[in-house]
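What follows is a single structure, written as structure tokens, with notes after it.
Please read these numbers as outputs of a predicted model, since none were measured by experiment.
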Amino acid sequence: MNAIASVPPPSVHAGHSAMVFSGGGARGAYEAGVLRYLFGEFARRHGVPSVDVVSGTSVGAINGTYVASVVHDPVAGVQRLVKLWSELELDRVIGFGVTQAARLPRVLFGGKQGAGILDVSPLIKLVSTNMRWSDLVRNLRRGRLRALTISATHVATGRPWVFVDRAPDVPLPTRLPPSMMVRADRIGPQHVLASAAIPVLFPPVPVHGELFVDGGLRLNTPMSPAIHLGARRVLVVALTSAMNTPKPAFDSGVFPGVAFLIGKMLNAFLLDHVNADFYEIERVNKMIDDGVALYGEDFVTRMNARAEAEGRAGRERLHAVAVAPSDDIGMIAAHHMRSNKARFGRALGKQLLRLLDIGEGVDADLVSYLLFDGDFARQLMDLGEHDARRREEDLAAFFFAKP
């Protein structure tokens, strides 16, 4: 059983459903594996799942936007997404060479042009040419999808911004936490690339004249926007491994180098705190259940009427399910790099490969964010499909349980 469990369903399935996709660079192939199960084996057994709201951050913005663009034909659309991940070649997604090495002073000291350690142009091409942008517009305009949200971090202020693209009759959420900025916008490639721009590795991305970087720095699992857009059933695809007892990373007396430490820093910044979110949902659900038991069925209505009168957001019972990796993705990446070191040396260049050395510890967290490689992606997709299959009963109740 994954460390992240389901929050029990409410007695009545009200409200809309949402899919929420976390950030984590190349780890996003895991999300594609979960989708492959949902719109493949699961759909054949139970029916095709429907979704009303999609929210994503970082690589979750890429996967989420793709899902939003194919909700009119999700089975075929997800097959194309899986194929895209399976055919990735590292040097087609990220690049590093003499040009990038020459830009390192701009990475360190800034300047009139943005710069990152890695060449982002292959990723720009990948997002621009493979996303079905016209279908996304049609799906929202025709109400096949209520809303798509993309989260990014505003460079000037460090605040999380949530860009919301929505159907014509869907109001903009107004009661998100004060730290979040909410902007209505037609989401395009620049929003997705901004959300996925891991600081230092990739340059900041301008959106309407403002600079943004990876949304995972502040809002890596964007459940809140989906909930404030009316979702009462929330499916989260997380990229955090289950909380197992860690193995010792080093022999006694050995200290880690920069690659290992940067990987752990990225974990701290970018990997979600979805367990805490689920505990909070469960706490609110229990409070509502207790209130109904003590004060009657109109408890929620009366409580929310008081909140509305005071300008506060109301409370509703939520049904939340998370699918999360059952194996450590950093360890999978380390094994994959050791097995393919010669090939990756040609793709990344020997200097960058040396910088990303994975010989220090049992895992390779930094590499796991950058390993946009078809073979590695297939391993993560198999893991995602496996973990989703283990949650079949929970997922069937989430999508298809009757009131």
Student check: side-chain heavy atoms of [X] and [Y] closer than 4.5 Å:
| X | Y | result |
| --- | --- | --- |
| Val53 | Met19 | no |
| His336 | Asp375 | yes |
| Phe21 | Val54 | yes |
| Glu385 | Met381 | no |
| Phe398 | Pro49 | no |
| Asn220 | Leu239 | no |
| Val20 | Pro222 | yes |
| Arg306 | Met303 | no |

Shortest non-hydrogen contact between [X] and [Y], atoms and distance:
| X | Y | answer |
| --- | --- | --- |
| Val321 | His319 | CG2-NE2, 3.8 Å |
| Trp133 | Ser128 | NE1-O, 3.7 Å |
| Ile62 | Ala196 | CD1-CB, 4.4 Å |
| Ser69 | His72 | O-CE1, 3.1 Å |
| Ala147 | Leu229 | CB-CD1, 3.7 Å |
| Ala61 | Ile150 | CB-CD1, 3.6 Å |

How long is the span from the [atom1] atom in [X] to the [atom2] atom in [Y], to the nearest 0.5 Å?
| X | Y | atom1 | atom2 | value |
| --- | --- | --- | --- | --- |
| Asp185 | Gln190 | CG | CD | 7.0 Å |
| Ser17 | Arg146 | OG | CZ | 10.5 Å |
| Ile187 | Thr149 | CD1 | OG1 | 7.0 Å |
| Asp73 | Phe39 | CG | CZ | 10.5 Å |
| His335 | Asp328 | NE2 | CG | 14.0 Å |
| Glu280 | Asn285 | CD | CG | 10.0 Å |

**Request:** Please work out which of the three classes, parallel, tilted or perpendicular, describes the rings of His154 and Phe212, given edges at 30° and 60°.
**Result:** tilted
**Asked** What orientation do Phe163 and Trp161 show, parallel under 30°, tilted 30 to 60°, or perpendicular over 60°?
**Response** tilted
Under the 3.5 angstrom rule, does the side chain of [X] hit a backbone N or O of [Y] as a donor-acceptor pair?
| X | Y | value |
| --- | --- | --- |
| Ser195 | Ser151 | yes |
| Ser22 | Val236 | no |
| Tyr30 | Ala238 | no |
| Arg166 | Leu145 | no |
| Asp387 | Ser326 | yes |
| Ser368 | Ala333 | no |

Under a 4.0 Å N-O cut-off, is there an ion pair linking [X] with [Y]?
| X | Y | answer |
| --- | --- | --- |
| Arg44 | Glu41 | no |
| Lys286 | Asp290 | yes |
| Asp135 | Arg142 | no |

Should the heavy atoms of other residues, nucleotides or ligands under 6.0 Å from [atom1] of [X] be counted, would the total exceed 12?
| X | atom1 | answer |
| --- | --- | --- |
| Glu393 | CD | no |
| Arg302 | CZ | no |
| Arg315 | CZ | no |
| Arg183 | CZ | yes |

**Message:** For Leu235 and Leu38: C-alpha separation, side-chain torsions, deciding distance, then whether side-chain contact (heavy atoms from CB on, under 4.5 Å) applies.
**Reply:** CA-CA 11 Å; Leu235 171 62; Leu38 284 174; 3.8 Å; yes
**Item:** Pair Leu383-Ile332, side-chain contact (heavy atoms from CB on, under 4.5 Å): steps then yes or no
**Value:** CA-CA 10 Å; Leu383 179 62; Ile332 296 172; 4.0 Å; yes
**Request:** List the steps, then state whether side-chain contact (heavy atoms from CB on, under 4.5 Å) holds for Leu84 with Met131.
**Result:** CA-CA 11 Å; Leu84 182 63; Met131 206 71 73; over 6 Å; no
**Request:** Tell me, with the steps shown, if Arg389 and Glu392 meet salt bridge (Lys or Arg N to Asp or Glu O under 4.0 Å).
**Result:** CA-CA 5 Å; Arg389 186 181 295 112; Glu392 179 177 4; over 6 Å; no
Using a distance-only test with no angle check, is there a side-chain donor-acceptor pair under 3.5 angstrom linking [X] and [Y]?
| X | Y | value |
| --- | --- | --- |
| Asp165 | His191 | no |
| Ser86 | Arg378 | no |
| Ser58 | Asp214 | yes |

**Asked** Does the side-chain contact (heavy atoms from CB on, under 4.5 Å) test come out yes or no for Arg80 and Asn130, once each step is laid out?
**Response** CA-CA 10 Å; Arg80 291 191 295 270; Asn130 288 283; over 6 Å; no
